Structures are given as structure tokens and as C-alpha cells.
Amino acid sequence: MKILVINCGSSSLKYQLIDSEAEDVLAVGLCERIGIDGRLVHTPNGGEKRVFETPLPDHEAAVQAVLSALTNGEYGVIDSLSQIDAVGHRVVHGGERFTSSVVIDDAVIAAIRECNDLAPLHNPANLIGIDACRKLMPGVLMAAVFDTAFHQTMPKKAYTYALPYEYYDKYKLRRYGFHGTSHRYVSERAAAIAGLNYKDSRIIVCHLGNGASVCAVLNGNSVDTSMGLTPLEGLVMGTRSGDIDPAILEFIAKKEGKTLEEIMNLLNKKSGVYGLSGVSSDFRDLEAAAGEGNVRAKEATEVFVYRVAKYIGAYAAVMNGVDAIAFTAGLGENDKKIRAQICSYLGYLGVELDGSRNDVRAKETLICTDTSKVKVLVVPTNEELAIARDTAALVGQH
Ligand code: ADP
């Protein structure tokens, strides 16, 4: 089956065409600057990357450009659109309604729209992408795969904020968590690689990219995760603060005369390791700067690492131990120094990192010693493949 996977943002649209039986990526690409001017970057499997500066006035034009590229005689990978069996859409927020991936119909669209308040930057953009695909591919099955769905198994004590209860009743204000598709995919792979029974295991996944979160996976179910109502909570991230004392908002507002909107922008876009270091949100730049003696870059990394170690400790506590810890996403997959620094806090759990096994990038690998009480792994995430698998499964059931 050929599944088109779409990840639609407000001005960008990422896509992959995946053969779900062979689990091969047939083409990958990205539409950028939608509604501004427009650019399509398209790479067929085994072929060279093509960049087209092409007007993309709206998302429908972007989807049309993707479909034209996929069927192009020279750099396309299919003969006609009828070869696309289904489309899998990444949707950021499914609220409490969606606990797994679903086939999209009018009722699902209405329910996703109801979650717009919870993810005002993401859900409307996801819906625009769905709408454009439905128009241009009528009759093709569309699936929604939610970032939040995997975390719907969290117990109430883990997702409840200690605020007046009426806010939960009125607005469903609670922890939802994100990166769920990644945490699900990586925890399953980690169990398989470590030789654990997924349904009888305690796994902590550290998804460390520009956005970062930790997830406690008990017997195959998410039981806690560090992101909250929004992706701002939890770890220190590239530009997000993660956990802070909420009273800081009032303090900054008074001292700096900032509005709430300005402070939210500061917490989301100007904080994290970027704000701490003043150098960059990218750990490669931080390491280079620290190597040249930049103290703030070094300290920013220390604060980041410390927070990850703290969450691992917390999640080992709530699961009464941990069998495996998996590192994934840009930083988790590629940065052996960060992994080693995090693991240096975990000796009390019986974690023993193997220095030479840890010298690996973006490859499924056990990076602990044979005697380590806890298995430690690198597991490259693959959200697009997980979306394609879910979509293919829904086609099978339909
Ligand atoms: P997101 O999808 O959240 O935007 P990624 O998962 O692509 O982020 O991760 C991006 C981050 O991963 C970069 O900001 C950088 O800090 C880190 N990263 C990526 N590649 C490397 C590398 N080779 N070495 C160290 N860090 C890396």
C-alpha cells in the first residue's frame, strides 16, 4: 500500500510517500513559505534533491504541487494519483476525545476543531492540510494520527494540575503531553531491541530534539510525560524554558513592563538553552562555543542535562524502577556526550554506559555494558513510519 504522510504547519507542509508493506520511503519533501511566496523541496528515493521556487498561495496549492511532483514523469515516483491508497495526517492535539488514530470524517474534523483552543498554532494548520487533501483526493481514505493520543492512558493523578477543579470541568485544562507517536514507536522498538516483553516492561523514552520531552511507558502504556497542556512544560529545550515557577510571569511583567503575550513569546522562543547561553538553540553550536571557553554555553548544557536526569529519576520512581532508557530525536540520537552526561547521574539505578558502544549516531544500538541493570539504547524515531503503519491498519479495517 502507498501511504502519503502529511505534516502540515501554518506556512509549511512536510510529506513522505511510504510503501507500507516494504516500509520504504519512496519520496520525501517539504513545501515552505506557503502564503508568502513558495518553495517545494522534493527528493525521490535514490534520486537527487530538487528545489522549485513555485508560487504557493495557499495549502491547496501546496498539496497540488506535492501531488504533481509525486506523479512527474522525470522525478516522480508513481504514475498516477490512483496509486495513493490513503493519506495519514499528523494532528497535534486530539484532546481527551482521541485515544488512537482514526479515519477522518466530518465528525472527526468537527472534534479536531473543538481542540483548536488547546493548540491554537497547530490544529488549525493541520485542519487546513486535511481540507486541502480531501478536496484534491476525493474518495481517498484519510487518517488522523495524534501527538497526544498515546498519552491518554495516563492516570488522572498524573494529568491533573492542582488548580481549582472547575477549570478541568470547564476547559479540560490538564496535562496532555506531546511527541506521543514518537514515544510509542521508540518504546516499542526499545523493548524489541532490549529483548523485553513490551507489555511487561518499564521504559523511559527521552525524546531530545529542539522540542524535548520524557515519557514513562509502563507495560506499553504512557503513564506520565513531561510536556503538559502545551509543549512548554518539562525539559529545558532549544528555545523553551520548560518548568519554571509560575510566579516568574508576574515578576517579569512588573519588572520589565511586558504583556502576557510578550512573556509567553519569551518563554517559548527566547528561553531554553538559547536564552541561557545567548549563543544558539543548537547543541552543536553550544558544544563548539563551550570548547572555546564560553561559560554560559557550558552552563546551559549542564542545566539541560540536569533536568533530563531529574525527570528520569522521577519516572523511575513512579514505575517502581526502570528496565530500559531510550534516547531519540536529533540530540538523543546523535550526541554521545549529552547521553553520557545524562547517564552519569544514573549510577544509583544500575546504569552502566559503555563508552565505545555509545560512540554511535542515529542507529538502533544498545549502548550499555552487558552487566548494566538498566538497558540503555539509541533508537532513531520515525514518526512518519508510525503514521503510515497506523493509516495502513485503518485501511485494512475499513
Ligand atoms: P525538532 O524535530 O524538535 O525540530 P530535531 O529532532 O531535528 O528537532 O533535533 C534538532 C536538534 O538536535 C538540534 O537543535 C541539535 O541541537 C540536535 N542535533 C542534531 N544533530 C546533531 C548532531 N549531529 N550532534 C549534536 N546535536 C545534534
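Throughout, numbering of the chain's residues begins at 1 and tracks the sequence. These figures come from a predicted structure and were not determined experimentally. Counting starts at 1 for both ligands and their atoms, following the listed order.
- Atom NZ of Lys337 and atom CD1 of Ile342 lie 14.0 Å apart (nearest 0.5 Å).
- A salt bridge links Arg189 with Glu364: the distance from a Lys NZ or Arg NE/NH1/NH2 to an Asp or Glu carboxylate oxygen falls below 4.0 Å.
- Atom NZ of Lys199 sits in a crowded spot, with more than 12 heavy atoms from other residues, nucleotides or ligands closer than 6.0 Å.
- Under the 4.0 Å criterion applied to side-chain N and carboxylate O atoms, Arg184 and Glu188 are not assigned as salt-bridge partners.
- Ranking the protein heavy atoms by distance from atom 22 (C) of ligand 1 puts Asn334 CB, 3.4 Å first.
- Ion pairing of Glu74 with Arg50 is present here, as a side-chain N (NZ or NE/NH1/NH2) and a carboxylate O approach within less than 4.0 Å.
- Annotation: atom 24 (N) of ligand 1 to nearest protein heavy atom, Arg284 CG, 3.6 Å.
- Considering backbone and side-chain N/O atoms, Phe283 comes within less than 3.5 Å of an N/O atom of ligand 1.
- At the shortest separation from atom 8 (O) of ligand 1 among protein heavy atoms lies Asn210 N, 3.1 Å.
- Heavy atoms of Gly238 come nearer than 4.0 angstrom to ligand 1 in no pair at all.
- The shortest side-chain heavy-atom distance between Asp79 and Gln83 falls under the 4.5 Å cut-off.
- What sits closest to atom 6 (O) of ligand 1 on the protein, heavy atoms only, is Gly330 N, 2.9 Å.
- For ligand 1, none of its N or O atoms has an N or O atom of Gly209 under 3.5 Å away.
- Relative to atom 26 (N) of ligand 1, the option among Leu331, Val273, Thr381 with the closest non-hydrogen atom is Leu331.
- Every atom of ligand 1 with a heavy atom of Asp282 under 4.0 Å away is listed here by number and element: 13 (C), 14 (O), 15 (C), 16 (O).
- Inside a 4.0 Å radius of atom 2 (O) of ligand 1 there is not any protein heavy atom.
- Salt bridge Asp323/Lys373: absent, no basic N to carboxylate O contact under 4.0 Å.
- Here Arg361 has side-chain heavy atoms under 4.0 Å from ligand 1, and that is the only part of it that gets that close.
- Salt-bridge check for Asp19 with Lys2: failed, with every basic side-chain N at 4.0 Å or more from each acidic carboxylate O.
- Of all the atoms in ligand 1, the ones that sit under 4.0 Å from a non-hydrogen atom of Asp335 are 25 (C).
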